[in-house]
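Just so we're on the same page: letters track the sequence lines, and every chain starts at 1.
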Amino acid sequence: MPPLPVDLLRWYDRHRRTLPWRALPGRTADPYHVWLSEIMLQQTTVAAVIPYFHRFLDRFPTVADLARARQDDVMAAWAGLGYYARARNLHACAQAVDRAGGFPRDMAGLLALPGVGPYTAAAIAAIAFGHPVVPVDGNVERVTTRLFALTDPLPAARKAVALRAATLGEGAEARARPSDFAQALFDLGAGICTPKSPACALCPWLGACTGARLGIAATLPAKAPKGAKPVRHGAHFHLVDAAGNVLLRRRPDKGLLGGMLELPGTIWRAQAWTMADAVSHAPLASAPWTSMGRVTHVFTHFTLHVDVYAARIDRFPNVIAMGGGLVYGERELDGLALPSLMRKCLDIARRAGPAET
DNA sequence: TATTCGTGGCA
DNA sequence: TTGCCAAGAAT
């Protein structure tokens, strides 16, 4: 017996989550809200996204508002959410949509937008425009590999899994409710068919699940082993003048933490820095640098240890400002595009506790 | 196809 | 504590 869309939809009608970007039952969500939430939700938990989603709608009520905003303000609003290329693409996408007079309503048009890939295009098409497509995210991959007991490891098997996932939405009931069907798959993956200890007893598709019947559901999807995470070292410098102004600089627009602000610092390398070596790279090597301790930050593909040094001087020499340095007052820091790593560095440099979360 | 790209929560 | 994980895209 194949998994029947009607069984999933019946379950969804009783158990669907209420989320800020979701329309009420029977209504169609705003494409701007759908798009914004989908970008934020890429590799990011619902709990982390919710406050950012509210803040964005508050600051940028329409896609036109977002298009007209300055990039610095968009980056600052995104600060802390991670994967900052999403924020740059978000801004560029808003401008493209605003110029076009609205979101494209077909897959090809959606796929052409910055930051919109196969998954997000399908999600917007299904949820905002009612196209009968099945967006394949991590939830859908998990549900699909378990339903059909697909044991080939990801990511190599991704294409085969996607083809099988598409068959889930072929029934007439699914094609009649593409938005609900897509979101029902998300809710099933998030609440029942979870990565660890899935609640199979509560699953509307239990009777159709080969993985459950074989007792291997919880082990799927199989994943290729990951390589070891290398360690890198860096040093960053907190230079403050008598008025309490802090010296920052902006990172290049591409690459890690692209377009975000940071305390001036060394490159991040495999070899640890001695204090003397690090301070020789400080924005003002002659300042009275004091070691404030070490911050450890785990990125996706490496672990970073940052030694933080602080110094207070009377006033900034002009030569510093000429080198691309940016000076901000202490009270301005909260509203800036500072990634979490730099919040940690600032906290330790100012001998304050970690920012409340 | 394989890397690069954040962050915080949780077992 | 360490590793795993989250509505992936770009290169």
Please confirm whether the shortest side-chain N or O distance from H301(A) to OP1 or OP2 of dT4(B) is below 4.0 Å.
no
By nearest atom, which of the nucleotides dG8(C), dA11(B), dA6(C) is closest to the K196(A) side chain?
dA11(B)
Rounded to whole Å, the CG-P distance (L257(A) to dT4(B)) equals 15 Å
Pick base, sugar-phosphate or nothing for W35(A), based on heavy-atom distances below 4.0 Å to the nucleic acid.
nothing
Out of dA6(C), dA9(C), dC5(B), which nucleotide sits closest to the side chain of K223(A)?
dA6(C)
State yes or no: do L90(A) and L57(A) share one hydrophobic cluster built from I, L, V, M, F, W and Y residues joined by side-chain heavy-atom distances below 4.5 Å, directly or via other members?
yes
Nucleotide nearest R142(A) (side chain, heavy atoms from C-beta), chosen from dA6(C), dT7(B), dC5(B):
dA6(C)
Students often get this wrong, so: under 4.0 angstrom with heavy atoms, is G258(A) touching a base, only sugar-phosphate, or nothing?
nothing
Using heavy atoms to find the nearest nucleotide of DNA chain B for T44(A) and P155(A) separately, return the residue whose nucleotide is more 5′.
P155(A)
S340(A) side chain near dG8(B) phosphate (N/O to OP1/OP2, under 4.0 Å)
yes
Base, sugar-phosphate or nothing for G189(A)? Non-hydrogen atoms, less than 4.0 Å.
nothing
Reading 5' to 3' and counting Watson-Crick or G-U wobble pairs with both distances under 3.5 Å, write the dot-bracket notation for DNA chain B, | for bases paired outside the strand.
.||||.|||||
Which part of the nucleic acid does R88(A) contact within heavy-atom distance under 4.0 Å: base, sugar-phosphate only, or nothing?
nothing
One thing to verify: whether D277(A) and R269(A) come together as a salt bridge, which I'm taking to mean a side-chain N less than 4.0 angstrom from a carboxylate O.
yes
Salt-bridged, R249(A) to E262(A), with N to O below 4.0 Å?
yes
Output the rounded distance in Å from CD (Q43(A)) to P (dG6(B)).
12 Å
On a whole-Å scale, what distance lies between the C1' atoms belonging to dT1(C) and dG8(B)?
16 Å
Integer-rounded Å distance: dA7(C) C1' and Y83(A) OH
14 Å
Across the strands shown, which category fits S37(A) at heavy-atom distances under 4.0 angstrom: base, sugar-phosphate, nothing?
nothing
Write down the distance separating the P atoms in dT3(B) and dA7(C), rounded off to the nearest Å.
24 Å
Among dA7(C), dA10(C), dT7(B), the one nearest any side-chain atom of N139(A) is dA7(C)
Can you tell me which nucleotide in dA7(C), dA6(C), dC5(B) comes closest to the side chain of T45(A)?
dA6(C)
Using a heavy-atom cut-off of under 4.0 Å over every strand shown, decide if L90(A) touches base, sugar-phosphate, or nothing.
nothing
ILVMFWY network linking V143(A) to V46(A), side-chain heavy atoms under 4.5 angstrom:
yes
Side chain of K226(A) only, please: which of dG6(B), dT7(B), dC5(C) is the nearest?
dC5(C)
Cluster check W11(A), L19(A): I/L/V/M/F/W/Y, side chain < 4.5 angstrom
yes
R22(A) and salt bridge (charged side-chain N to carboxylate O under 4.0 Å, His left out): which single residue from D187(A), D30(A), D180(A) fits?
D187(A)
Salt bridge D98(A)-R68(A), side-chain N to carboxylate O under 4.0 Å
no
Would you kindly give the CZ-to-P distance between R343(A) and dG6(B), to the nearest whole Å?
16 Å
Quick note, P195(A) side chain, CB onward, closest among dA9(C), dA6(C), dA7(C) is dA6(C)
Strictly below 4.0 Å, N to O, side chains only: are D13(A) and R10(A) in salt-bridge contact?
no
Could you tell me whether V298(A) contacts a base, only the sugar-phosphate backbone, or nothing, with contacts defined as non-hydrogen atoms closer than 4.0 Å?
base
Are any of H297(A)'s side-chain N or O atoms less than 4.0 Å away from OP1 or OP2 of dT7(B)?
yes
For P135(A), answer base if it contacts any base atom (sugar-phosphate contacts may also be present), sugar-phosphate if it contacts only those atoms, and nothing otherwise; contact means non-hydrogen atoms under 4.0 Å.
nothing
